[in-house]
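Step one of this worksheet: look at the structure below.
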Amino acid sequence: MSSSPEQSFLATSLRSDTCGLLRRTDVGRTVRLGGWVHRSRDLGGLVFIDLRDRTGLVQLAFGPAWTAADVQSAAAAVGVESVVLVEGEVVARESDRVNPEMPTGEVEVRVTSLKVVGPAVTPALPVARGRGDKMPAEELRLRHRYLDLRRPELQANLVLRHRLMQVTRRFLSDRGYLELETPILTKPTPEGARDYLVPSRVHPGEFYALPQSPQIYKQLFMCCGYDRYFQIARCFRDEDLRADRQPEFTQIDIEASFIEREDILSLAEGLIGALWREAGHEAPAHFDRMSYADAMEFYGCDRPDMRYDLRLRDFSSVFAPLDFAVTSNALASGARVRGLVVPGGAAWSRKQVDELEALAKGAGAGGLLRLRRADGAYDGPVAKFLTDDARDAFGLADGDLALFVAAPDRISSPALDRVRQECARRLELVDDAAQRFLLVMDFPMFEEDPTTGALAAVHHPFTAPHPEDMKAFPDTPARWRALAYDVVLNGTELGGGSIRTSDPAVQSRMFALLGIGDEAEQERRFGFLLEGLRAGAPPHGGIAFGFDRIAMLLSGAPSLRDVIAFPKTTAARSLFEGAPVAVPADDLAELHIAVREASRSRSANSPEGTA
RNA sequence: GGGGGCGUAGCUCAGCUGGUUAGAGCACUCGACUGUCACUCGAGAGGUCGCGGGUUCGAGCCCCGUCGCUCCCGCCA
């Protein structure tokens, strides 16, 4: 007998039901349950235990009227987090004994037999937490992950993660995408992030690399005619961490053949919609779009948060006629004066505006110019140079504050981006409930090093340039746009991709522009992909989503570490199993590796784990 | 690589301007309790104040170094 479809899946030889799904409809049934002692209350004559399993909690009741004395004393003695098997009758609680805060609160199980099958030592961290209890330090949660993972909140996150994976698989499989695997032991890629290296025992002095992404392989699948590929792929990057960045992370990796940009974008919209619906959220059928150029121009950022407007403006023409050295010099050197008008910002104190300037300076700006209009008067360093025309052109309402950066765009954009975000936060313009999706289109193909002028690929070297741009500006590749796109939500990048170069001639040109024109060098780095492309490549392209980040957003978790079962710390350490560890000299010798004594980490305080 | 924050009992924290024997709540142990649901009540046990060095008559507190966690910049798509 089962009370729900899930219940029937979870019944086993040892249990008839699970804890969290028992309801009034189960009253009268004799059930066998297994679970962890979440909490217990010993009233002397009566004992209550809240029993927990993946599905939730149910109250077990032990009393002399239905429980044998030895069973009751065993119940009183069992410690929290011990695993027990019980048998008893599901009973309706009297109305004044109902617990409305528990889904199972209308019933309890009157236990007749109890077996402690997994006695637990006193837990190092509390699993059951009272209202208002603070969370244990993250360090301890990670060190005792076997306890932290028992917490219903974390279990809910991982369950959601599972469901999102299944939705992804179904969505893509239903559309003809094949889930194909690619190697974990692969070849170092010179592009992008640092690789994790794995020494080869068989080949002295040679190394595998863990993949930063399956990029090259998925393109090869296209060359091989698999037409549509996806993978929920583990990727590795040996870079410093953030709250939303782990050294080992999961991507939804997608590639398709005989497609153009729109095909991938509508697939992406559909997949995001399916994921959002699975988590009980809404996502629009089509996302707003913005060019990279506009994003940088109006928001100073390639992933603008569209929950608020507060756009940047170009004030160069307003400043041009003014006899103001700071801005005239900037304008004379070819830079612009950009800024934003903050409604109501005139009310901010000198100190508050100084804080904004500190943000701008932190992003590389020399300073932040201010112009305030309060009580009909203008003040700030710009004020005394104002002409009537300029005054009108700024368009400040009374109470407004205008902030400017006079610098090249590559400096003013990030500076004003930070200022804009902080202003929005202060003005409480950010609607936390809002979800504003955005497709950022037409990224530039190359990034120019400001000092050397060398070109670097913004996306990666296999991204296809806009054909029209190649035609229109054949000799100024810095102006080429790429057929690349990002999916952005509320200022966070969810994923990105591009149409790839399938024409070997274009690919060679790209390499030449990137300074790897030497064919031997190309072969050394990307030979196996180039071979594949030359052997007949269909037009293809794809996209990849940061799966952990999506799971984090949809679960409302504050950190990636709360949607990954066994995450690393910001020092890329695993406190639970204690990785990484020093390795005995013999093991290193077998790998043909010697570690310089000076570079041995002397972490006296490193986790005393299982090394 | 750089900057900020944190580190005191198993957990969360307090600890005054450097001064007697380092405290509280929860958890734990023992005892009492027949309707609790963060049960309640009584008693008890529990400390290398992250680690090392220094200043001082005296350091949880000040200084230097170091380890760990965390947030951010650089880095990373």
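We name chains A, B, ... by the order of the sequence lines, and we start the count at 1 in each one.
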Quiz item: Expressed in whole Å, how much space separates the C1' atoms belonging to B:A45 and B:C63?
Solution: 37 Å
Quiz item: B:G46 pairs with which nucleotide, Watson-Crick or G-U wobble, both distances below 3.5 Å?
Solution: none
Exercise. Provide, to the nearest angstrom, the distance between the CG atom belonging to A:L241 and the C1' atom belonging to B:C69.
Key: 13 Å
Anything under 3.5 Å between a protein N or O and an N or O of nucleotides 34-38 of chain B, put it in a table, one pair a line.
from: B:U34; atom 1: OP2; to: A:G45; atom 2: N; distance (Å): 2.9
from: B:G35; atom 1: O2'; to: A:R97; atom 2: NE; distance (Å): 3.2
from: B:G35; atom 1: O6; to: A:R110; atom 2: NH2; distance (Å): 2.9
from: B:G35; atom 1: N1; to: A:E108; atom 2: OE2; distance (Å): 2.9
from: B:G35; atom 1: N2; to: A:E108; atom 2: OE1; distance (Å): 2.4
from: B:G35; atom 1: N2; to: A:E108; atom 2: OE2; distance (Å): 3.1
from: B:U36; atom 1: O2; to: A:R41; atom 2: NE; distance (Å): 2.6
from: B:U36; atom 1: O2; to: A:R41; atom 2: NH2; distance (Å): 3.4
from: B:U36; atom 1: O2; to: A:Q59; atom 2: OE1; distance (Å): 3.3
from: B:U36; atom 1: N3; to: A:Q59; atom 2: OE1; distance (Å): 2.9
from: B:U36; atom 1: N3; to: A:Q59; atom 2: NE2; distance (Å): 3.0
from: B:U36; atom 1: O4; to: A:Q59; atom 2: NE2; distance (Å): 2.7
from: B:U36; atom 1: O4; to: A:R93; atom 2: NH1; distance (Å): 3.4
from: B:C37; atom 1: O4'; to: A:R41; atom 2: NE; distance (Å): 2.9
from: B:C37; atom 1: O2; to: A:Q59; atom 2: OE1; distance (Å): 3.3
from: B:C37; atom 1: O2; to: A:N99; atom 2: ND2; distance (Å): 3.2
from: B:C37; atom 1: N3; to: A:R93; atom 2: NH1; distance (Å): 2.8
from: B:C37; atom 1: N4; to: A:R97; atom 2: O; distance (Å): 2.6

Quiz item: Do the side chain of A:D548 and the main chain of A:T250 share a donor and acceptor less than 3.5 angstrom apart?
Solution: yes
Exercise. Determine the Euclidean distance between corresponding P atoms of B:G50 and B:G68; express it in Å to zero decimal places.
Key: 16 Å
Self-check item: Closest contact, heavy atoms only, A:E248 versus A:R234
Solution: OE2-NH1, 2.9 Å
Practice problem: Go ahead and name the base partner of B:G60; Watson-Crick or wobble counts if both distances stay under 3.5 Å, otherwise write none. | Solution: none
Quiz item: On a whole-Å scale, what distance lies between the C1' atoms belonging to B:C26 and B:G35?
Solution: 24 Å
Quiz item: Do any pairs count as a side-chain hydrogen bond (donor to acceptor under 3.5 Å, both in side chains) and have a residue in residues 61-76 of chain A, sequence neighbours left out, and if so which ones?
Solution: none
Quiz item: Do the side-chain N or O atoms of A:T569 get closer than 4.0 angstrom to the phosphate oxygens (OP1, OP2) of B:C69?
Solution: yes
Self-check item: Integer angstrom distance from the P of B:G46 to that of B:A9
Solution: 15 Å
Practice problem: Report which part of the nucleic acid A:D302 touches: base, sugar-phosphate, or nothing (heavy-atom distance under 4.0 Å, all strands). | Solution: base
Self-check item: Opposite nucleotide pairing with B:A24, Watson-Crick or G-U, both atom distances under 3.5 Å
Solution: B:U12
Quiz item: Going by distance alone, is a donor N or O of one side chain under 3.5 Å from an acceptor N or O of the other, for A:D305 and A:Q421?
Solution: no
Quiz item: Under 3.5 Å, is there a donor-acceptor pair between the side chain of A:T463 and the main chain of A:H460?
Solution: yes
Quiz item: Which is true for A:D42 with a 4.0 Å heavy-atom rule: it touches a base, it touches only sugar-phosphate, or it touches nothing?
Solution: base
Quiz item: Say you pick atom C1' in B:A14 and the same atom in B:C61; how far apart are they, in whole Å?
Solution: 14 Å
Exercise. Could you grab the distance from atom NZ of A:K361 to atom CG of A:L359, nearest 0.5 Å is fine?
Key: 12.0 Å
Exercise. Calculate the interatomic distance between A:E493 atom CD and B:A77 atom P; express it in whole Å.
Key: 10 Å
Quiz item: Between atom CG in A:D240 and atom P in B:C71, what is the gap in whole Å?
Solution: 13 Å
Quiz prompt | Ion pair check, A:E108 and A:R97, cut-off under 4.0 Å | solution = no
Quiz item: Does B:C6 pair with anything, Watson-Crick or G-U wobble, both distances under 3.5 Å, and if so, with which nucleotide?
Solution: B:G68
Quiz item: Separation of A:H38 atom NE2 from B:C26 atom P, in whole Å?
Solution: 18 Å
Quiz item: Looking only at atom types and distance, does a side-chain atom of A:K218 sit under 3.5 Å from a main-chain N or O of A:I254, one as donor and one as acceptor?
Solution: yes
Quiz item: Under 30°, 30 to 60°, or over 60°: which ring-plane class applies to A:W480 and A:F446, parallel, tilted or perpendicular?
Solution: tilted
Which atom pairs link the protein and nucleotides 42-44 of chain B when you take only N or O atoms and keep those under 3.5 Å?
none

Quiz item: Hey, does the side chain of A:D53 reach the backbone of A:C19 with a donor-acceptor pair shorter than 3.5 angstrom?
Solution: yes
Quiz item: Taking atom C1' in both B:C11 and B:G2, what distance in whole Å separates the two?
Solution: 34 Å
Quiz item: Distance between the P atoms of B:C71 and B:C16, in whole angstroms?
Solution: 29 Å
Quiz prompt | Identity of whatever pairs with B:C41 - Watson-Crick or G-U, under 3.5 angstrom | solution = B:G31
Quiz item: When the distance from CZ of A:R242 to C1' of B:G2 is rounded to whole Å, what number comes out?
Solution: 11 Å
Self-check item: Contacts of A:Y229 that satisfy ring pair (Phe, Tyr, Trp, His ring centres under 6.0 Å) - sequence neighbours left out
Solution: A:F221
Self-check item: A:E139: salt bridge (charged side-chain N to carboxylate O under 4.0 Å, His left out) partners, not counting sequence neighbours
Solution: A:R143
Quiz item: Looking across every strand, which nucleic acid part, if any, lies under 4.0 Å from A:V458 by heavy atom: base, sugar-phosphate, or nothing?
Solution: base
Quiz item: B:C67 P sits how many Å from A:L575 CG, rounded?
Solution: 16 Å
Quiz item: Quantified in whole Å, what is the C1' atom distance between nucleotide B:C75 and nucleotide B:G1?
Solution: 10 Å
Exercise. Would you classify A:R303 as touching base, sugar-phosphate or nothing, given that sugar-phosphate means primed atoms plus P, OP1 and OP2, and contacts are heavy atoms under 4.0 Å?
Key: nothing
Quiz item: To the nearest Å, how far apart are A:E447 CD and B:C76 P?
Solution: 9 Å
Quiz item: Do the rings of A:F443 and A:Y292 sit parallel, tilted or perpendicular, given the 30° and 60° boundaries?
Solution: tilted
Show me the protein contacts with nucleotides 9-11 of chain B, counting only N or O atoms at under 3.5 Å.
from: B:G10; atom 1: O2'; to: A:A124; atom 2: O; distance (Å): 2.4

Quiz item: In whole angstroms, how far is the C1' atom of B:U70 from the CZ atom of A:R573?
Solution: 15 Å
Quiz item: If you look at every heavy atom in A:L455 and A:L513, which pair is closest and at what distance?
Solution: CB-O, 3.8 Å
Self-check item: Any N/O donor-acceptor pair, A:R245 side-chain to B:C76 base, under 3.5 Å
Solution: yes
